[in-house]
Structures are given as C-alpha cells and as structure tokens.
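To start, the structure itself, in structure tokens.
Here is how names work: the chains are called A, B, and so on, in the same order as the sequence lines, proteins then strands, and each is numbered from 1.
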Number of protein chains: 2
Amino acid sequence: MNYQRPDLTVDIVLLTLIQGRLHVALMPRDKAPEEGKWALTGGYIHTNEDADSQEAALRTLRAKLDFEPRHLEQVFTEANAQRDPRGWSASIVHLALHDPEVLQDLVTSRGMQLFDVEDDGAHLPAEMAFDHKLLINKAVARLRAKAGYSTIVGHFLPESFTIAELQGAYEAVRHTKLNPANFRRKILEMAFLEPTVLLHSSGRPAQGYRLVHDIDYFDRELA
Amino acid sequence: MNYQRPDLTVDIVLLTLIQGRLHVALMPRDKAPEEGKWALTGGYIHTNEDADSQEAALRTLRAKLDFEPRHLEQVFTEANAQRDPRGWSASIVHLALHDPEVLQDLVTSRGMQLFDVEDDGAHLPAEMAFDHKLLINKAVARLRAKAGYSTIVGHFLPESFTIAELQGAYEAVRHTKLNPANFRRKILEMAFLEPTVLLHSSGRPAQGYRLVHDIDYFDRELA
C-alpha cells in the first residue's frame with residue numbers, strides 16, 4: 001500500500017446578505033495549528049456517528065454554534081498535499097445560508113464576526129487560517145453562478161418577504177439590475193412562492209411570500 | 001479521537017455522445033469486493049505522489065487506461081458510511097468527456113464497454129459495483145444542467161466541428177431543440193470558437209471551428 005489515508009474534514013462557508021453585500025461568519029481558531037487566525041467553522045468527519053458528509057456538517061454546526069442554517073449544500077471538495085501543515089487533507093466544503101438578523105445574534109453570542117466578502121475578498125482579514133480565504137472565494141463564486149438559475153438566494157431573506165425584497169437579493173448576489181415587471185411575472189410563473197401576510201416594512205403595504213420549495217435549476221433568465 | 005480516517009478515492013464518470021445519446025465507459029471490477037461487476041474507473045488517493053485530487057484522477061486514468069480525457073472536472077463528493085462494505089468512504093467524483101471515436105477505440109483495447117445512460121439509467125447494467133449507478137446518474141444530471149450555461153459539451157466533438165454539430169451536441173445533452181440562427185449568432189458572439197478548415201462531412205461544405213477556451217458560466221440562454 002503506497003499511501004496513507006488523508007485527513008477528511010467538512011468546512012462550512014456560512015453566508016448572509018447585509019445591505020446588499022455578502023458577508024461570511026468567521027471565528028478565531030482556538031488551537032494549533034494556525035491558532036488565533038480567522039477560520040471557517042469545520043471539523044473532522046466522525047465515522048462512528050456521521051451517516052454522511054451532510055450530517056457531518058450539520059453536527060459540526062450544532063456542536064460548535066448550536067445552530068441549524070436555513071440552507072446547507074455541498075459545493076466542492078478541496079483536496080491536496082499543501083493546504084494543511086499536518087499533511088494531505090481533503091475538505092468537503094459546504095455553503096450555508098441564513099438571514100442576517102438571526103446570524104447577527106448568533107455571531108454576537110459565539111465570538112464570531114461577520115466579514116464582507118465583496119470585491120474579491122478584499123475586506124477579509126489579512127491573516128486567515130489554512131486556505132480558508134480561497135474556500136470562501138470559490139464558494140461565493142459558486143453561489144453567484146447558482147443564483148442565476150435557482151431559488152438559493154431566497155434563503156437570505158426572513159421567512160416572509162416581498163417580491164421586491166427577493167429581487168433585491170438576486171440583484172445583490174448577481175451584481176446586476178433586473179426589470180421589476182419581468183422579474184415578478186417570471187418568479188410567480190415558476191410557482192415556488194406562496195402568499196403569507198401583508199408586509200409594511202417600507203412604504204405602502206406589499207404582499208408577503210414564503211419559499212415553498214427550492215428549484216435547483218430553472219431553464220430561463222430572470223429578466 | 002472518536003473517529004477513524006475514512007477511505008478517500010477518486011471516481012471518474014467517463015462520458016461520450018454517440019448518435020445523440022450520452023454513454024458511459026465501464027469496466028468489470030477485477031478484484032473483491034464486487035468482483036466482476038461493472039464499475040467506474042477509480043482508485044485511492046496516493047498521498048505520496050498526487051499533488052491534488054485532479055492529479056489523482058489523471059494518474060488513475062493514465063495508469064488504468066493510458067488515456068488523458070479532453071475535459072476533466074470535479075463534480076461532487078459522495079461520502080457516507082454505506083457505500084462501501086469496507087467502511088466509511090468518500091469518493092471525489094469527476095466528470096471526464098471525450099469524443100466518441102477515440103473513446104470507442106480505447107474501450108475496445110481495454111476490455112471496457114460503453115453503456116447508454118439515457119432514460120434515467122434504464123440501460124445501465126442491472127448489477128453495478130458499489131453506488132456507481134447513483135454516481136453516474138448524479139454526474140449526468142450535473143452535466144445536463146451545466147450544458148445550459150457553459151461550453152462543456154464542446155468536448156464531445158472532434159477537434160474540428162461545425163456550428164450545426166455543436167448545436168446537435170447541446171440539443172442532445174439538454175434534450176431540447178434550439179433555433180439555428182439564434183444559436184449561431186449567440187455562439188459566435190461569445191467568441192470561444194475559432195475557424196479551422198472547411199468540413200465536408202455531410203451535404204455541402206461547412207466552416208469548421210475549434211474550441212479556443214472554455215466558458216464556465218455564460219449569463220444568457222442559447223436560443
């Protein structure tokens with residue numbers, strides 16, 4: 001046998017959208033290596049208790065943050081000899097999305113901090129653990145692409161939101177402007193929203209909606 | 001430490017397009033477990049020689065098939081306690097694409113066989129190794145989605161191809177019909193092709209093209 005088993009971990013890029021800018025929740029590492037550097041939430045797969053990698057990510061979030069994100073999905077695996085000084089390691093990287101109010105409370109209570117990830121990560125801390133800056137940039141790029149053909153950005157919104165708020169989230173993540181009438185028509189045609197209550201957050205009352213199911217891939221442009 | 005390191009492998013879903021239908025290249029497994037069952041090409045990460053998971057996939061293809069695919073990319077990682085009788089294991093699954101002539105020669109020389117993967121895998125062998133049928137179906141679904149917004153299907157064509165042949169490949173993979181004039185205009189606008197020679201394969205001569213670079217995500221519909 002001419003190999004050792006590599007380390008296998010999960011890392012979670014926990015994102016939210018604050019005033020139209022994507023932010024990631026980071027925590028200073030509490031042990032060596034890379035102690036004190038800002039890091040993603042993550043940990044080893046526990047083969048004795050995790051049924052699969054998604055469960056490993058959920059267990060890690062529960063254990064470290066006592067938190068379940070609104071949306072969690074695997075996005076890619078970073079696996080090479082260089083990323084961890086302890087040796088060859090693979091991280092199954094997950095994207096987790098939640099709304100900003102809940103995440104800000106969580107961050108305050110857990111010693112985490114939210115960092116703006118716009119402008120190609122220019123506002124991330126200079127000193128980050130391992131290859132976590134790369135993992136964040138790759139996960140954000142995946143989210144931006146995915147936002148063009150799925151309902152994923154709906155998970156940044158509170159449970160009840162207006163069509164205008166949903167459009168704002170798409171525009172912010174995609175760095176684009178959409179036509180409101182086209183957006184409303186296409187979104188309602190795809191039937192992934194159901195009406196909730198009237199919302200009064202800004203200006204005149206507007207119909208609130210909630211996401212009833214996710215669409216992973218819709219074969220049309222939004223506007 | 002309350003875990004053992006899981007096994008970490010790469011598996012390669014090697015696809016081509018024959019008469020408008022996607023096919024996968026499989027080989028009977030030559031050892032236990034699951035000896036004799038049809039399987040993907042794959043193997044363990046060799047931490048002493050593979051720089052990263054992409055290199056591990058390329059080394060595996062070279063060692064087992066003496067072959068380098070036209071296109072190779074990681075698509076997802078399947079990681080759970082059930083998929084291998086030997087214990088918790090993770091496979092970093094790659095999609096490899098090549099043109100059918102070359103792949104048919106390879107298959108003939110290596111004891112492999114090409115299986116039609118259309119109709120949700122109904123034509124795949126009934127007895128397949130491990131979870132390889134699931135891995136194929138997931139990789140094909142990813143390819144179909146990706147074909148909607150990238151140049152990936154260009155890698156199924158020979159080095160020089162006509163716009164009509166490229167349109168045929170998109171239509172076959174996407175299970176859709178595209179408008180030829182719109183398709184030609186949009187494809188040429190995106191500037192990922194350059195002219196080669198006149199091709200005489202069917203009917204009157206048509207301009208041949210080759211792929212000069214990949215576009216991973218284009219923000220428009222093809223027709």
### Among B/Gln74, B/Gln54, B/Arg83, residue most engaged with chain A (heavy-atom pairs, under 4.5 Å)
B/Gln74

### Query
Using a cut-off of under 4.5 Å for heavy-atom pairs, which of B/Asp216, B/Thr77, B/Ile92 has the most such pairs with chain A?
B/Thr77

More than 12 heavy atoms of other residues, nucleotides or ligands under 6.0 Å from [atom1] of [X]: yes or no?
X: B/Gln82; atom1: CD; value: no
X: B/Asp119; atom1: CG; value: yes
X: B/Glu127; atom1: CD; value: no

To the nearest 0.5 Å, what is the distance between [atom1] on [X] and [atom2] on [Y]?
X: B/Tyr149; Y: A/Lys146; atom1: OH; atom2: NZ; answer: 8.5 Å
X: A/Asn80; Y: B/Asp50; atom1: CG; atom2: CG; answer: 11.0 Å
X: A/Asn48; Y: B/Gln4; atom1: CG; atom2: CD; answer: 9.0 Å
X: B/Trp88; Y: A/Ser53; atom1: CH2; atom2: OG; answer: 5.5 Å

### Task
Give the member of A/Gly87, A/Ala51, A/Ala90 that has the highest number of heavy-atom pairs under 4.5 Å with chain B.
A/Ala51

### Message
Quick check: do B/Asp7 and A/Arg5 have side-chain heavy atoms less than 4.5 Å from each other?
### Response
yes

